[in-house]
Amino acid sequence: MAEPNVGDTFIPALYKPSALLPIAQHREALLYTIETYPVTIVVGQTGSGKTTQIPQYMEKAGWCSDGKSIAITQPRRVAATTVAARVAEEMRCQLGQEVGYSIRFEDVTSSKTRIKFLTDGLLLREALVDPLLSRYSVIMVDEAHERSLSSDILLGLLKKIRKKRADLRIIISSATLDAENFLRFFASDSSEKKAQGKDDNTKDIGRIISLEGRMFPVDIHYLIDPVEDYVERAVQTVLDIHSKEPAGDILVFMTGREEIETTIDRITDRVQDLNPRLQTLQALPLYAGLPTDQQMYVFEPAAENTRKVIVSTNIAEASVTIEGIVYVIDCGFVKLRAYNPKTGIETLTAVPVSKASATQRAGRAGRTKAGKCYRLYTESAFKSLEESTVPEIQRSNLAPVILQLKDLGIDNVARFNYITPPPSQLIIRALELLFSLGALDTYARLTKPLGTRMAELPLEPMLSKALLQAVAPEFNCLSEMLTIAAMMTLQGTVWVSHNDNRKAEDHARRKFAVEEGDHLTLLNAYHAFVTKGKKDAKWCRDHMLNFKALTKAVSTRNQLRKHLERFGIDVSESLYGQEDVVRVGGRDKAERIRRCLTTGFFAHAARMMPDGSFKTVDGGTTLWAHPSSLMFNRKADWVIFHEVMETGEKTYIRDVTKIEKDWLVEYAPEYYRVQQR
DNA sequence: GAGCACTGC
């Protein structure tokens with residue numbers, strides 16, 4: 001086999017006839033196992049060909065002959081689309097015919113589609129309509145070891161479905177560490193089997209198949225002594241590699257934007273002191289918040305006689321693959337989200353990575369040839385790391401998950417088949433919130449129609465409640481709430497901030513500013529966009545609005561409107577021409593919108609203190625308006641807010657709107673009786 | 001007076 005060329009834009013697998021992939025030797029074994037057992041766990045690294053080949057093997061072996069198809073789930077949209085394209089190419093068919101994909105807003109499938117790639121979240125949505133997922137003969141859950149919220153729920157659901165569908169075949173792709181765990185999960189059964197003294201039936205349920213990946217060895221280097229300032233150490237290591245090591249690009253893992261910028265500044269400063277005969281060193285940032293055009297630079301091959309250094313967040317650990325990386329520098333930390341059920345506050349804090357994560361990072365150095373990984377911590381520190389990252393389901397606000405489970409007909413959410421159960425406090429808090437929103441009744445059953453409709457909308461529960469209330473005559477602001485909901489899903493990406501240009505951004509925002517707060521400001525920005533800037537990227541640039549984000553808001557709004565129409569809600573659009581009412585003298589409408597928002601966000605209420613900070617209703621937490629909020633520099637009394645996030649020292653609220661205190665008791669009497677106890 | 005790891009419906 002030829003060595004793949006360094007610098008190739010495509011990953012080697014694309015150039016290999018599929019018969020040469022390592023997986024080809026396992027074809028018979030795979031087909032036999034899948035035929036024989038309900039569950040197959042496939043262990044294989046990137047490059048093993050599992051995602052592209054297994055579906056083709058299954059299709060050729062006749063698993064689609066009865067009109068059913070094969071589903072392969074992916075945790076990310078981009079993976080679903082690109083893998084589908086590659087398989088279509090290998091099968092020499094047009095994408096959307098025999099091979100297709102389905103992601104939110106894009107369904108590229110047809111009645112002929114036999115192999116369908118889709119996001120795990122979307123397959124869960126399909127289960128709402130088709131509870132046994134009966135249109136599929138095979139369901140493959142790819143990258144299950146990432147333990148995303150959706151794939152965890154999907155596994156629990158598949159375990160349940162399996163008992164009712166003997167014909168269904170389940171394939172789980174996983175990293176080595178978790179394979180046994182996944183198999184045990186499917187084998188472990190409820191009380192009946194245990195009563196028969198049959199505890200372990202893993203052998204009847206499934207098998208694990210290991211595939212070798214296409215990976216080159218990576219030399220791991222540790223620090224001898226721990227280091228205080230890993231940013232500084234990373235900079236030194238980059239410069240050392242550049243002066244002493246052969247050609248090859250460098251990938252540095254940092255925790256966030258600020259560290260990334262510091263690292264790049266220092267590298268750029270000090271590279272000038274190095275031997276002028278060395279190659280040029282080009283440092284590039286990569287994080288999700290970076291505008292897309294700037295993200296693209298990291299994928300371009302470096303100019304001649306230039307070595308690239310990419311300083312990235314965790315996005316480069318699994319979501320994104322950069323070719324040509326030979327050296328990895330791992331700071332050993334990652335920013336993780338955690339949810340405190342007592343306060344309802346999410347925190348974002350840098351914590352040590354897990355061993356699994358550190359291994360994945362190191363592996364990024366061995367994709368094109370043998371590489372090196374420099375860990376900015378000691379070997380003993382590595383040994384004391386957790387084996388794997390705490391799954392999302394154990395550190396998230398579970399209200400959306402519980403709502404979805406209830407709609408799937410799972411009444412006892414505490415006893416659902418979780419592969420790892422969430423702490424009961426998280427479940428209790430979610431049930432309480434859903435009850436106070438009116439989505440659940442006193443028996444914790446989904447209410448009709450409110451609860452079921454909330455579950456079916458692709459929005460978080462507080463927002464779907466506010467949207468569904470907007471149709472009530474006392475609020476009568478459905479069109480506006482549709483827009484506000486769509487804009488809120490953009491999570492702060494509405495305005496583009498070019499570096500060092502925050503003042504201009506603030507200035508641009510002020511043009512759309514509405515006294516009552518951020519939600520009405522977003523409404524204004526959207527109206528201006530659809531009337532003036534929809535086809536005009538320049539208009540957006542002039543107003544510092546994010547063209548892509550607003551275009552997405554238009555899609556989201558359309559999708560939400562279709563959901564409402566399906567519910568039989570009349571969405572007569574009369575919004576155009578109404579924007580001036582909101583903006584100039586439309587006090588009544590603005591108040592109705594604010595009241596309507598309060599019906600959903602009463603649990604996110606706070607009062608401004610004389611020093612400009614906010615206090616939660618129970619008085620326990622001090623919050624600050626996020627600098628991106630209008631309330632950052634304005635006076636208010638009571639407010640509701642969309643999100644609260646603790647970063648570093650301070651706890652910030654985003655998307656803030658003024659309300660009246662009385663509205664809280666008016667729209668959430670039970671909730672505030674409990675709170676004021 | 002000053003800032004946001006990453007996904008997904």
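Within every chain, numbering begins at 1; the chains are lettered A, B, ... in the order of the sequence lines, protein sequences first and strands thereafter. Being a predicted model, the structure only gives us computed values, none of them experimental.
Of the options A:Val413, A:Leu398, A:Leu124, a side-chain contact (heavy atoms from CB on, under 4.5 Å) to A:Leu405 is made by A:Val413 and by none of the others. Exactly one residue among A:Ile315, A:Thr255, A:Asn314, A:Ile260 makes a side-chain contact (heavy atoms from CB on, under 4.5 Å) with A:Tyr287. That residue is A:Ile260. Considering A:Glu261, A:Glu259, A:Glu232 in turn, A:Glu232 is the only one that fulfils the salt bridge (Lys or Arg N to Asp or Glu O under 4.0 Å) rule with A:Arg266.
Computed from coordinates, the A:Arg125 CZ to B:dT7 C1' distance equals 15 Å when rounded to whole Å. For the pair A:Glu392 CD and B:dC9 P, the interatomic distance rounds to 13 Å; values are reported in whole Å. One can place CG of A:Leu128 at 14 Å from P of B:dC9, the figure rounded to the nearest angstrom. Remark: P of B:dC9 and CZ of A:Arg453 are 24 Å apart, rounded to the nearest angstrom. Between A:Phe632 atom CZ and B:dC4 atom C1' the separation is 14 Å, expressed in whole Å. Going from atom CG of A:Leu403 over to atom P of B:dC9 covers 18 Å, rounded to whole Å. The distance between atom OH of A:Tyr339 and atom P of B:dT7, rounded to the nearest whole Å, is 23 Å. Taking atom CD on A:Gln74 and atom P on B:dT7, their separation rounds to 15 Å, with Å as the unit.
Using a 4.0 Å heavy-atom criterion, one finds that A:Thr313 contacts the sugar-phosphate atoms exclusively. Among the protein residues, A:Leu149 comes within range of no part of the nucleic acid, since none of its heavy atoms lies under 4.0 Å from any strand. Residue contacts for A:Gln491: at a heavy-atom cut-off of 4.0 Å it reaches a base atom on one of the strands shown. When heavy atoms are screened at a 4.0 angstrom cut-off, A:Asp120 is found touching no nucleic acid atom at all. Contact annotation for A:Arg337: base contact, defined as any heavy-atom pair under 4.0 Å involving a base atom.
Nearer the 5' end of DNA chain B, as judged by each residue's closest nucleotide, is the contact made by A:Glu258, out of A:Val320 and A:Glu258. Nearest-nucleotide positions on DNA chain B for A:Ser150 and A:Arg634 put A:Arg634 closer to the 5' end.
Between A:His543 and A:Phe512, the two ring planes are tilted [angle within 30° to 60°].
Scored by the ring-ring contact (aromatic ring centres under 6.0 Å, His included) test, A:His604 finds A:Phe641 as partners (sequence neighbours excluded).
Residues A:Gln491 and A:Glu643 are in side-chain contact: their nearest non-hydrogen atoms beyond the backbone lie under 4.5 Å apart.
Distances shown here put a side-chain N or O of A:Tyr652 below 4.0 Å from the OP1 or OP2 atom of B:dG3.
Nearest nucleotide to the A:Leu336 side chain, out of B:dC6, B:dA5, B:dA2: B:dA5. Between B:dG1, B:dT7, B:dC9, one nucleotide has an atom nearer to the side chain of A:Leu122 than all others, and that is B:dC9. Closest contact between the side chain of A:Ser628 and the listed nucleotides B:dC4, B:dC9, B:dC6 involves B:dC4. Here B:dC4 is the nucleotide among B:dT7, B:dG8, B:dC4 with the atom lying nearest to any side-chain atom of A:Arg654.
Within residues 348-360 of chain A, the residues having any heavy atom under 4.0 Å from DNA chain B are, by residue number, A:Leu348.
For A:Gln295 (side chain) and A:Leu290 (main-chain N/O), a donor-acceptor pair under 3.5 Å exists by modelled atom type.
Evaluation of atom-type donor-acceptor distances gives no pair under 3.5 Å for the side chain of A:Arg257 against the base of B:dC4.
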Report task. Take A:Val351 and A:Val334 through the side-chain contact (heavy atoms from CB on, under 4.5 Å) test and state the conclusion after the steps. Result -> CA-CA 6 Å; A:Val351 294; A:Val334 62; 4.2 Å; yes
